[in-house]
Undergrad: 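Below: one structure in structure tokens.
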Amino acid sequence: MNILKRRGWEISESHVTSESLFFNRRQVVAGLATLPLIGSAKAAVNAKFADAGRPVTDELQNTTYNNFYEYGTSKSISDAAQALVTKPWSITIDGLVDAPLTLQFEDLLKKMPVEDRIYRHRCVEAWAMVVPWTGFALKDLIGMAKPKAEAKYVRFETFNDPKMAPGQEPGLFSSFPWPYVEGLTVAEAMNDLSFIATGAYGKDLPKSMGAPLRLHTPWKYGFKSIKSIVKISFVAEQPMNFWQAIQSSEYGFWANVNPEVSHPRWSQATEEVLGTGERVPSVIYNGYGEFVADLYKGMEEEKIFF
Ligand code: MTE
């Protein structure tokens, strides 16, 4: 399918997997004899997110062209990221919640309804790809944590361990405010689209892509999609994210995709589709407006595209 011929990227009826195909896929998945993987096991495709409107990016391309500053500032960090130790991995949920908890990644997964989704990913640097994820809706995890009414934001934190991430070593990038932190409003986090990925391409999440679990909010620039999460905190104040702390004149809290709002140093009008050599027009909310535009009603004064 050629994305250049499509308008808006909204998934048309003809592109949504039919119910019968959906259930057939479920049967195929259920019928698989052995599923040795953890983060990618027993998933069926969510029919709402079965087609991203452009082809899935080549797996090798996707797993070897990354932003993961804990392992360096280039895109070629996949070898260095093999130093990431993902077993054991515990996740803490704390802050303004009725049910704070710390649990092992595998135990968290057992509690979550795992599914597959195909999402477009748009980096603030104006490149894009399509990722076939496995994981669970962030709202399901939030339901388990039972946030209090005072909780207005969700703050996510990546590990901070210079022993397994050379980028975090004091001195190397000592001005970087480790650990990597990101934030969403509780309403954004509860949106259908907010996804915790635990697998990609039918396998456990590669280390370069943020194993064992990372966020993906496909209507926002990619820096919001924090990798290798160890802590999720419910807070009253808007969290300061990693890139905001480094350069607040260039990166904001909201970071919703908008081709008409340029980055201070480059245009956001178009994006390079990785692996195709094509440059295509970018789309507001990365084409996911039907799911998220309502979140921002009445916020015209806020810099929601920055
Ligand atoms: N998460 C952490 N912990 N560290 C990072 O450097 N980079 C962000 C985001 N999450 C980053 C991160 C940016 S800028 C982007 S575009 C995406 O991860 C890239 O995800 P990918 O490498 O899977 O394409």
Side-chain angles (χ1 to χ4, degrees), residues 1-12 14-16 49-69 71-78 117-133 182 193 195 197 200-201 206 208-210 214-227 241-244 246-247 249-252 254-293 296 303-306:
M1 185 186 325
N2 187 343
I3 185 65
L4 291 169
K5 292 186 185 134
R6 296 195 64 188
R7 309 278 310 169
W9 293 353
E10 279 79 15
I11 297 168
S12 65
S14 61
H15 287 101
V16 174
F49 310 114
D51 183 343
R54 45 167 87 149
V56 166
T57 302
D58 173 72
E59 181 179 354
L60 185 62
Q61 171 97 55
N62 204 335
T63 55
T64 56
Y65 186 93
N66 303 98
N67 277 332
F68 202 172
Y69 278 71
Y71 290 98
T73 53
S74 85
K75 300 284 181 277
S76 306
I77 53 74
S78 59
R117 296 185 182 193
I118 301 177
Y119 273 176
R120 293 183 296 278
H121 173 104
R122 169 56 158 86
C123 178
V124 73
E125 298 162 338
W127 52 266
M129 52 186 162
V130 174
V131 197
W133 296 120
E182 257 307 337
L193 276 180
F195 196 61
Y201 296 91
S208 62
M209 291 172 78
R214 59 92 60 86
L215 178 68
H216 193 202
T217 46
W219 74 99
K220 291 179 175 284
Y221 291 118
F223 67 85
K224 299 294 294 181
S225 293
I226 182 172
K227 297 178 170 183
N241 68 45
F242 182 78
W243 289 108
Q244 246 183 321
I246 291 171
Q247 191 60 277
S249 60
E250 298 198 353
Y251 305 99
W254 299 99
N256 295 312
V257 175
N258 188 340
E260 290 178 11
V261 179
S262 297
H263 182 275
R265 287 185 286 130
W266 60 84
S267 164
Q268 296 291 19
T270 62
E271 62 204 48
E272 182 195 338
V273 182
L274 280 190
T276 68
E278 276 183 306
R279 243 196 134 78
V280 301
S282 291
V283 179
I284 191 162
Y285 297 118
N286 200 19
Y288 292 99
E290 65 178 303
F291 297 99
V292 295
Y296 308 106
K303 290 181 152 185
I304 60 168
F305 300 110
F306 175 79

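Fair warning: this is a prediction, and the values are worked out from it, not measured in the lab.
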Undergrad: Tell me whether Q247 at atom CD has more than 12 heavy atoms from other residues, nucleotides or ligands lying less than 6.0 Å away.
TA: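 Result for CD/Q247: enclosed.
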Undergrad: Under the criterion side-chain contact (heavy atoms from CB on, under 4.5 Å), I'd like the reasoning laid out for L193 against Y119: C-alpha separation, chi angles, the key distance, then a yes or no.
TA: CA-CA 9 Å; L193 276 180; Y119 273 176; 3.5 Å; yes
Undergrad: If only atom types and distance count, is the side chain of S267 paired as donor or acceptor with the main-chain N or O of S262 below 3.5 Å?
TA: no
Undergrad: Heavy atoms, side chains only, cut-off 4.5 Å: are V283 and V257 in contact?
TA: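 Not in contact.
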Undergrad: Are there over 12 heavy-atom neighbours, none belonging to K75, within less than 6.0 Å of that residue's NZ?
TA: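 Correct, the count exceeds 12.
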Undergrad: Using a 6.0 Å distance limit plus a 45 degree cone around the ring axis, check whether R120 lies over the aromatic ring of Y288.
TA: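 Relative to the ring axis of Y288, which defines the angle, R120 lies inside both limits.
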Undergrad: Taking the side chain from N286 and the backbone from K220, do they hold a donor-acceptor pair closer than 3.5 Å?
TA: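 Such a contact is absent between N286 side chain and K220 backbone.
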Undergrad: Within the side chain of T217, is there an N or O that forms a donor-acceptor pair under 3.5 Å with the backbone of S225?
TA: no
Undergrad: Check whether any side-chain heavy atom of Y69 sits under 4.5 Å from a side-chain heavy atom of W243, and report yes or no.
TA: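 Yes, close enough: below the 4.5 Å cut-off.
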Undergrad: Any side-chain heavy atom of H263 within less than 4.5 Å of one from Y251?
TA: yes
Undergrad: Taking the side chain as every heavy atom from C-beta outward, state whether Y201 and L60 have any atom pair closer than 4.5 Å.
TA: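 Of all side-chain heavy-atom pairs linking L60 with Y201, none is under 4.5 Å.
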Undergrad: For R214, give me all partners under side chain to side chain donor-acceptor pair (under 3.5 Å), at least two apart in sequence or on another chain.
TA: none
Undergrad: Decide yes or no for R54 and T276: does some side-chain heavy atom of the first lie under 4.5 Å from some side-chain heavy atom of the second?
TA: no
Undergrad: Has the side chain of K227 got a donor or acceptor atom that lies under 3.5 Å from a matching backbone atom of S208?
TA: yes
Undergrad: How about Y65 and W127: are their ring centroids closer than 6.0 Å?
TA: yes
Undergrad: Check whether any side-chain heavy atom of I226 lies under 4.5 Å from a side-chain heavy atom of F242, and answer yes or no.
TA: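 They are not in side-chain contact.
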Undergrad: Does some side-chain heavy atom of M209 sit less than 4.5 Å from a side-chain heavy atom of N66?
TA: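 Side-chain contact under 4.5 Å: yes.
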Undergrad: If we only count heavy atoms from C-beta on, is the V124 to E250 side-chain gap below 4.5 Å?
TA: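 Not touching, per the 4.5 Å side-chain cut-off.
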Undergrad: Hey, do the aromatic rings of Y285 and F305 have their centres closer than 6.0 Å?
TA: yes
